[in-house]
There are 2 protein chains.
Amino acid sequence: MATRRLKEALPKQLLEDIYRYSEKKLTGVSLKYMMNFGSFPNKKNLLISAQFLHKELLVRLAHRVLELENLPYGLSEKPPVRKVRDWYVDSFRDLRSFPDISDYEDESKFTDLIQRIKIRHNGVMPTMALGIHQLKQDLKKKVGLNELPEIHQFLDRFYMSRIGIRMLIGQHVALHQPDTLPGYIGLICTRVSPVDVAQNAIEDARSLCMRIYGSSPEVHVYGDPNLTFTYVPTHLHQMVFELVKNSLRAVEERFSKTEQDPPPIRLVVADGIEDVTIKISDEGGGIPRSGISKIWTYLYSTAKSPISDCQQQLLEAPQVMAGYGYGLPISRLYARYFGGDLQVISMEGYGTDAYLHLNRLGNVQEALP
Amino acid sequence: MATRRLKEALPKQLLEDIYRYSEKKLTGVSLKYMMNFGSFPNKKNLLISAQFLHKELLVRLAHRVLELENLPYGLSEKPPVRKVRDWYVDSFRDLRSFPDISDYEDESKFTDLIQRIKIRHNGVMPTMALGIHQLKQDLKKKVGLNELPEIHQFLDRFYMSRIGIRMLIGQHVALHQPDTLPGYIGLICTRVSPVDVAQNAIEDARSLCMRIYGSSPEVHVYGDPNLTFTYVPTHLHQMVFELVKNSLRAVEERFSKTEQDPPPIRLVVADGIEDVTIKISDEGGGIPRSGISKIWTYLYSTAKSPISDCQQQLLEAPQVMAGYGYGLPISRLYARYFGGDLQVISMEGYGTDAYLHLNRLGNVQEALP
């Protein structure tokens with residue numbers, strides 16, 4: 001059926017090319033490789049990077065187009081999912097019709113193209129969330145939300161792939177920036193201080209909490225401020241912001257109606273040989289063990305998903321502090337993308353601990369779906 | 001092959017009976033049921049309990065005999081494993097030849113028998129550990145320790161079954177005790193204070209640590225001392241003792257060579273609706289994420305396994321504070337036996353947190369292999 005629909009919708013040659021590229025394997029890149037390669041962003045290296053990306057993005061997009069066509073429960077037929085698929089097809093078409101990159105002028109045009117592609121896909125998350133919401137409406141009362149593991153696995157693959165595509169594009173584009181901050185190689189920073197990033201994320205999360213609740217619990221940070229490692233600071237900020245926000249909400253909602261001072265949230269930065277680990281502990285009352293799987297699901301999202309690529313939009317949505325969003329599963333994908341992980345353990349009646357493990361070696365290849 | 005060996009070793013009728021009982025399903029019992037039933041340990045109820053146990057133990061032992069005969073990698077042929085199997089066969093034979101229980105005199109004799117059976121099996125853990133050790137010697141360098149998942153799964157099933165058998169026997173025997181402490185129903189206590197049990201386990205673990213290292217870190221306990229719930233205090237003591245011991249060892253070994261005062265271990269008792277959770281946090285340096293699976297394996301045990309049923313023996317073994325024993329996987333089985341769980345998360349370069357979730361409803365059926 002999927003094939004039939006694609007056949008009707010797409011020119012024959014385009015369809016054949018999508019199939020052809022979907023048969024090729026994805027090529028993973030490590031943080032270390034991106035870093036070594038990006039350390040010398042001369043014309044020759046940028047040309048090599050563009051040539052690699054040209055092919056690699058075609059392969060990655062083709063895989064996603066076919067998967068988006070073959071989702072169970074009629075998810076592929078939902079208008080928002082078709083819209084997302086069309087973005088992937090359009091980007092595939094643009095890349096396919098782009099000629100072989102042989103000089104710096106081609107490279108420059110290619111960089112403009114992939115920047116436009118990245119912008120085209122900005123709305124993927126809220127749009128997919130809307131599709132999932134429509135699916136939920138269909139299945140209401142027929143299927144329990146936890147009974148759709150294949151949807152959950154698809155979304156994990158889909159969003160992981162999206163993180164990878166956006167990282168590769170973002171890194172290539174960033175290497176063209178004339179004025180880079182010291183320690184930066186594209187999006188990567190070789191001297192990220194997890195304590196500094198945490199402080200910034202805490203400040204953002206607390207000011208959001210202030211705006212919504214009129215007050216905010218304190219967050220105490222423990223760890224060596226001089227510790228630095230190689231990471232993508234924007235990814236780290238996003239993950240810590242999400243976790244601190246969840247803890248602030250839990251503590252605020254538990255203690256705002258009491259006379260008690262809210263207990264501070266504790267953020268510990270641990271300096272290991274394999275990992276830098278960030279633990280965020282709150283005494284916000286926790287959740288029962290039987291409910292822990294819910295925090296990882298995409299299926300509780302609402303149509304008005306607060307999660308989007310646009311941080312501004314995110315900060316303006318008051319519902320961002322409430323309910324289950326995509327924040328935790330997406331943060332876990334960000335952590336896993338470079339070989340790390342995110343674990344959450346809750347003590348019902350007390351509080352929740354989140355452990356963000358970040359691989360500090362950086363020679364792990366990107367996690368690919 | 002297994003069948004052939006059993007045929008050679010055992011009388012035909014016994015073998016047939018083992019097969020027959022191994023085809024029957026196990027009947028799980030909940031903590032709540034044991035409690036309600038044991039609240040009236042009159043002669044009639046004890047008779048019913050004995051009749052149930054007579055059949056149920058035959059079923060459980062028969063399952064284990066056949067599994068012990070069919071282990072991979074030649075584990076069934078190791079002399080210690082054959083010895084363990086023989087104990088199971090002997091106990092099966094004793095129970096099979098015990099007549100139908102129809103009056104209180106039968107019941108009394110039956111209680112004596114199962115008490116003897118429990119004692120017969122006291123040495124199962126160190127004996128199995130010796131068998132595993134011999135298997136390891138055979139497989140040395142041929143197979144990685146993590147490449148034997150079926151051995152690990154067998155041991156999980158085997159020890160879980162053992163916990164169940166010993167709980168059922170212990171409970172029946174304990175119901176005969178003339179002088180029970182207030183709040184006790186057999187081995188079960190309806191008013192276990194997790195803070196009190198933790199304090200006792202901490203005292204035991206610290207005095208062991210004192211004897212071995214000459215000093216011991218402090219353990220700070222946080223939680224409501226008046227909180228009580230229904231549980232088996234001996235199980236709880238064993239689990240908390242194991243976890244505190246591990247934390248003491250980690251802190252002691254990290255800080256004994258430094259000038260720094262060792263940071264206290266923190267034990268938090270959380271009072272939830274589903275669970276009582278005990279968290280034990282240390283700053284003993286943790287272990288890398290890549291090594292975390294090792295803490296759950298049975299395959300690091302040495303021939304001189306420090307784990308045995310005899311607490312005294314355990315307390316005299318200095319190696320109990322070092323290396324990987326069976327403590328963690330067995331503690332997790334104890335937790336899971338009544339629907340709880342044990343989770344351990346480590347932050348390399350900082351410390352380890354263990355979360356002991358204890359189901360407080362008690363209407364979960366025993367976990368059966």
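The model shown is predicted, which means the values in this text are computed figures rather than measured ones. Convention: sequence-line order gives letters A, B, ...; per-chain numbering from 1.
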Need one label for [X]: side chain, backbone, both or neither, based on atoms under 4.5 Å from any heavy atom in chain B.
X        : result
A:Asp275 : both
A:Val268 : both
A:Ser346 : backbone

Option in A:Gly223, A:Gly349, A:Gly272 with maximal non-hydrogen atom pairs under 4.5 Å from chain B: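 Option with the top pair count is A:Gly272.
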Among A:Gly286, A:Pro288, A:Gly351, residue most engaged with chain B (heavy-atom pairs, under 4.5 Å):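 The option with the most such pairs is A:Pro288.
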Between CG on residue B:Asp353 and OH on residue A:Tyr355, distance to nearest 0.5 Å: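 Spacing of CG (B:Asp353) from OH (A:Tyr355) equals 3.0 Å.
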Nearest atoms (heavy-atom pairs only) where A:Glu366 meets A:Gly164: OE1-CA, 3.8 Å
Any donor-acceptor N or O pair under 3.5 Å, side chains A:Ser216, A:Arg206: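 A:Arg206 and A:Ser216 do have a side-chain donor-acceptor pair below 3.5 Å.
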side-chain contact (heavy atoms from CB on, under 4.5 Å) partner of B:Pro217, chosen from B:Val244, B:Asp282, B:Val251, B:Asp261: B:Val251
Choice from B:Val269, B:Asn359, B:Thr277 maximising heavy atom contacts with chain A below 4.5 Å: B:Thr277
A:Lys294 backbone acceptor or donor facing A:Thr297 side chain under 3.5 Å: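 Side chain of A:Thr297 to backbone of A:Lys294: no pair is present.
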Segment of B:Ile278 engaging chain A (4.5 angstrom heavy-atom cut-off):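 The backbone, not the side chain.
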